[in-house]
There are 2 protein chains.
Amino acid sequence: MPDDSEAPGKSDLARTVDLLWGIEAPRGTRGPRPGLSVEAITRAALEIADAEGIAALSMQKVAKLLGYTTMSIYNYVPGKEQLIELMLDAATPPPPVPAEGEDWRVSLERWAAATWELYRLHPWSLKVPTANPPLGPNQLAWFEAALAAIARSGLSGGDVMALGLYVLASVRGQAGLVLDLTGTRDATAPEFAEQMRRIVDSARFPVLHGITMAAPEQAYGTAAIQMDLDFGLRRLMDGVERYVERRVG
Amino acid sequence: MPDDSEAPGKSDLARTVDLLWGIEAPRGTRGPRPGLSVEAITRAALEIADAEGIAALSMQKVAKLLGYTTMSIYNYVPGKEQLIELMLDAATPPPPVPAEGEDWRVSLERWAAATWELYRLHPWSLKVPTANPPLGPNQLAWFEAALAAIARSGLSGGDVMALGLYVLASVRGQAGLVLDLTGTRDATAPEFAEQMRRIVDSARFPVLHGITMAAPEQAYGTAAIQMDLDFGLRRLMDGVERYVERRVG
DNA sequence: GTAGAACTCTGTATGGCGTACATTTATTGA
DNA sequence: TCAATAAATGTACGCCATACAGAGTTCTAC
C-alpha cells in the first residue's frame with residue numbers, strides 16, 4: 001500500500017473519512033500482492049469484539065486470527081483507533097425500510113427498536129474510545145433513516161435534526177444503562193436488586209425506595225427497560241404531535 | 001488493611017458496594033499507620049482523568065502523584081475497575097435542590113441541565129469501561145432527584161422510573177455524541193462540517209443533505225446540540241402532560 | 001519486656017499492550 | 001537484469017495491570 005499521506009496537509013479526520021469510504025490512494029503495481037485487506041482486517045476485529053468484548057481486542061489477536069504478524073496490519077490500517085471506527089461502520093447494516101405510506105410514528109418506533117437491537121448485538125460499540133463522530137457510510141445511512149421518518153411528522157429542518165439526535169441519544173443512553181446492568185455475564189439483575197435493597201433506605205431515597213421495594217427485579221430487568229424506552233418514545237412523539245398541531249393550527 | 005474477603009462468599013458487586021459506601025472491614029490496630037486513604041487515591045485519580053482523560057489514567061500515575069509506589073495503591077483499592085467506580089461517585093456532587101412549590105417541569109429541566117454540565121466537566125465518565133450500574137451514594141442521590149421531580153408530574157410508580165431512565169439516558173446519549181464531536185481538543189466542529197459536506201450527497205442522504213447544507217456549523221456546534229436537548233425534553237414533557245391528562249380526565 | 005502477629009509499603013517480575021524502525025522478501029517496470 | 005516499490009517480518013521500547021515475596025513498623029499477648 002502506497003504512502004497514504006498523499007496530500008501532506010491532510011488532517012486525521014480527513015484520512016479517517018477516506019478510509020471509511022474506501023477512498024484509497026491508488027496502489028502501485030510493484031511489490032508483492034497484498035495478502036490482506038481493510039475489509040478482512042475489520043471483519044476479524046469485529047469477530048473478536050463481538051465474542052470477547054472491546055477490552056479483549058488487540059492488534060496482536062487480529063493478526064493472529066488472520067495468520068499474519070502483528071505489524072503487517074499496519075500496512076492497511078493506520079492504528080487501532082481507526083480500526084475501531086471501521087468496525088463501528090462495518091457493524092451497521094442497512095437501516096429498516098418503512099412500508100409505503102407508513103405512519104411516521106411507526107417508522108420511528110421501528111427504527112428505535114432496530115437501533116436497540118444493534119447495540120444489543122454489539123455491546124462493545126457503546127464503550128468504545130472514539131474521538132470522532134460517526135462519519136462512515138453505513139452509520140450515516142442509519143441516521144438518515146431516522147431523519148426521514150421524523151421529517152414526515154411535520155417538523156421543519158432544524159427541529160428534525162434536533163429530534164433525531166434526541167432519539168438516537170436516548171436509545172444509546174438506554175442501551176448503555178442496560179448493558180451496564182446485564183454486562184457480558186447474564187443474570188446479574190437479581191444480585192443488583194439485592195444490593196439495591198441493602199442500600200436504598202427510605203429516608204434518603206424515598207421515591208427510589210418506593211419503586212425498588214415494590215418490584216426490584218422487574219424494575220431492573222432488560223425487558224423492563226426495553227419497555228421504558230417505548231414508553232418514553234411514545235410520550236416524546238405525543239409531544240411532537242402537540243407541538244406540530246399548535247404551530248399549524 | 002485487613003483481609004477484605006471477610007465473608008468469603010461475598011460477590012464482587014457486594015464488595016464494590018461496600019467500598020462505595022465506605023463500609024470497611026474494621027481495620028486492626030497493628031502495623032504502620034496507613035499513609036493513604038481511599039478518598040485521597042480517588043481524588044488523585046479524578047484529578048488525572050479530568051486533566052488528561054481516562055486513557056491517561058494509570059495506577060502508576062496515581063501512585064506517583066501521591067508520592068507512593070504503584071503497588072501501595074492496592075492496599076486500599078482492589079483494582080483499577082473499582083477505582084473508576086469510586087471516581088464516578090466522587091465526581092457526582094449533591095443534586096440541585098428545587099425551590100418550594102417549583103413546577104415539576106422546571107425541576108426536571110434544571111436537573112437535566114445540571115446533569116449535562118456534570119458530563120461536560122467529566123467527559124471521561126461517559127467512556128468508562130464499567131460493568132456495574134451506578135450504586136454509589138452520590139449517584140443514587142442524583143438519580144433520586146430526577147425521580148422526585150417526575151413524581152410530581154402525576155405519573156405513577158413504574159412510569160416514574162421509566163421516564164427517569166429515559167431522561168437520564170437521553171442526556172447521557174446527547175453528551176456522548178457532543179463529546180465525540182468536540183473531544184478534548186476544541187473546534188473540530190468546522191472541520192467536521194467540512195467532511196460532512198464532502199460526503200453527504202443529496203441522492204443517498206436527502207434529509208441529512210438538506211439540513212447539512214443549510215447550516216452545517218450551526219447544526220453540529222455544542223450550543224446547537226444543547227438546544228436540541230432542551231427541545232427534545234420539552235416535547236417529552238408535553239407528551240407526559242397529555243398522557244396524565246388523558247389518564248385522569 | 002519481648003516474641004510474633006498484623007499491617008503498610010517496596011521491589012521485582014510476568015505477560016500483555018501499541019507501535020516505531022530496520023530488515024527481508026516478493027514483484028514488476030525500465 | 002536490476003533498481004524501485006511494496007508487503008511482511010523481526011526486534012525493540014516504553015508503557016500497562018497486577019501477582020508475589022520480603023522489608024519495615026506497630027501493637028497484642030504473654
Side-chain angles (χ1 to χ4, degrees), chain A residues 1-6 12 15 24-41 44-45 48-49 52-87 128-131, chain B residues 1-6 12 15 24-41 44-45 48-49 52-87 128-131:
Chain A
M1 188 158 275
D3 182 10
D4 65 349
S5 65
E6 13 152 12
D12 277 1
R15 230 166 304 130
E24 297 157 45
R27 74 165 221 92
T29 54
R30 280 144 119 118
R33 238 39 68 62
L36 285 172
S37 67
V38 175
E39 291 72 31
I41 292 170
I48 294 171
E52 307 172 45
I54 195 71
L57 178 73
S58 76
M59 299 304 259
Q60 350 237 347
K61 273 192 196 153
V62 174
K64 180 166 275 179
L65 184 60
L66 292 165
Y68 285 76
T69 57
T70 308
M71 289 312 292
S72 70
I73 303 290
Y74 287 90
N75 271 313
Y76 302 85
V77 167
K80 194 185 187 182
E81 195 178 315
Q82 288 85 345
L83 175 54
I84 289 177
E85 303 204 7
L86 285 165
M87 291 165 62
V128 127
T130 297
Chain B
M1 188 157 272
D3 183 11
D4 64 350
S5 64
E6 13 156 11
D12 277 0
R15 230 168 305 131
E24 298 158 44
R27 76 165 220 91
T29 54
R30 288 169 184 201
R33 243 25 75 62
L36 285 172
S37 66
V38 175
E39 291 72 30
I41 292 170
I48 294 171
E52 306 172 46
I54 195 72
L57 179 72
S58 75
M59 299 304 260
Q60 350 237 348
K61 272 191 195 154
V62 174
K64 180 168 277 180
L65 185 59
L66 292 165
Y68 284 75
T69 56
T70 307
M71 288 313 291
S72 69
I73 303 290
Y74 287 90
N75 271 312
Y76 301 86
V77 167
K80 195 184 186 181
E81 195 178 314
Q82 288 84 347
L83 175 55
I84 289 176
E85 303 204 8
L86 285 165
M87 291 165 61
V128 126
T130 297

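Within every chain, numbering begins at 1; the chains are lettered A, B, ... in the order of the sequence lines, protein sequences first and strands thereafter. Here the structure is a predicted model, which is why all the values come from computation and not from measurement.
- You'll find that the side chain of A/Thr70 is closest to C/dT19, out of D/dA8, C/dT19, C/dC17.
- Rounded to a whole Å, the OH atom of B/Tyr76 is 18 Å from the C1' atom of D/dT18.
- Atom CE of A/Met59 and atom P of D/dA8 are 14 Å apart (whole Å).
- Here the C1' atom of nucleotide C/dT19 and the CD1 atom of A/Ile73 are 13 Å apart, to the nearest Å.
- The CG atom of A/Leu57 sits 14 Å away from the C1' atom of C/dG16 (whole-angstrom rounding).
- In this structure, A/Asn75 atom CG and D/dT5 atom P are separated by 16 Å, rounded to whole Å.
- The side chain of B/Thr69 lies closest to C/dT10 when the candidates are D/dC16, C/dT19, C/dT10.
- When each of A/Ser72 and B/Gln60 is assigned the nucleotide of DNA chain D bearing its nearest heavy atom, the one mapping closer to the 5' terminus is A/Ser72.
- To the nearest 0.5 Å, atoms NZ (B/Lys64) and CG (B/Leu66) are separated by 12.5 Å.
- Nucleotide C/dA26 holds its C1' atom 13 Å from the OH atom of A/Tyr68, rounded to whole Å.
- Taken from OH in B/Tyr76 to CG in B/Leu83, the straight-line distance is 14.0 Å, to the nearest 0.5 Å.
- Here A/Tyr74 does not reach the OP1 or OP2 of D/dA8: none of its side-chain N or O atoms lies under 4.0 Å away.
- To the nearest 0.5 Å, the span separating CG on B/Asn75 from CG on B/Leu36 amounts to 8.5 Å.
- Distance, A/Ile48 CD1 to C/dC17 C1': 14 Å, rounded to whole Å.
- Of the candidates D/dT18, C/dC21, D/dC16, D/dT18 carries the atom nearest the B/Met71 side chain, counting heavy atoms from C-beta on.
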Could you pull out all donor-acceptor pairs under 3.5 Å where a side-chain atom in residues 54-61 of chain B meets a protein atom, sequence neighbours excluded?
residue: B/Ser58; atom: OG; partner: B/Lys61; partner atom: N; Å: 3.1
residue: B/Lys61; atom: NZ; partner: B/Ala56; partner atom: O; Å: 3.0

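- Taking atom CD1 of residue B/Ile84 and atom P of nucleotide D/dT18, one finds them 10 Å apart after rounding to whole Å.
- Using a 4.0 Å heavy-atom criterion, one finds that A/Ser58 contacts the sugar-phosphate atoms exclusively.
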Could you pull out the protein-nucleic contacts involving nucleotides 25-30 of chain D (nitrogen or oxygen on both sides, under 3.5 Å)?
residue: D/dT26; atom: O3'; partner: B/Arg33; partner atom: NH2; Å: 3.2
residue: D/dT26; atom: O2; partner: B/Gly31; partner atom: N; Å: 3.3
residue: D/dC27; atom: OP1; partner: B/Arg33; partner atom: NH2; Å: 2.2
residue: D/dC27; atom: O3'; partner: B/Thr29; partner atom: OG1; Å: 3.1
residue: D/dT28; atom: OP1; partner: B/Thr29; partner atom: OG1; Å: 3.2
residue: D/dT28; atom: O4'; partner: B/Arg30; partner atom: NE; Å: 3.3
residue: D/dT28; atom: O4'; partner: B/Arg30; partner atom: NH2; Å: 2.7

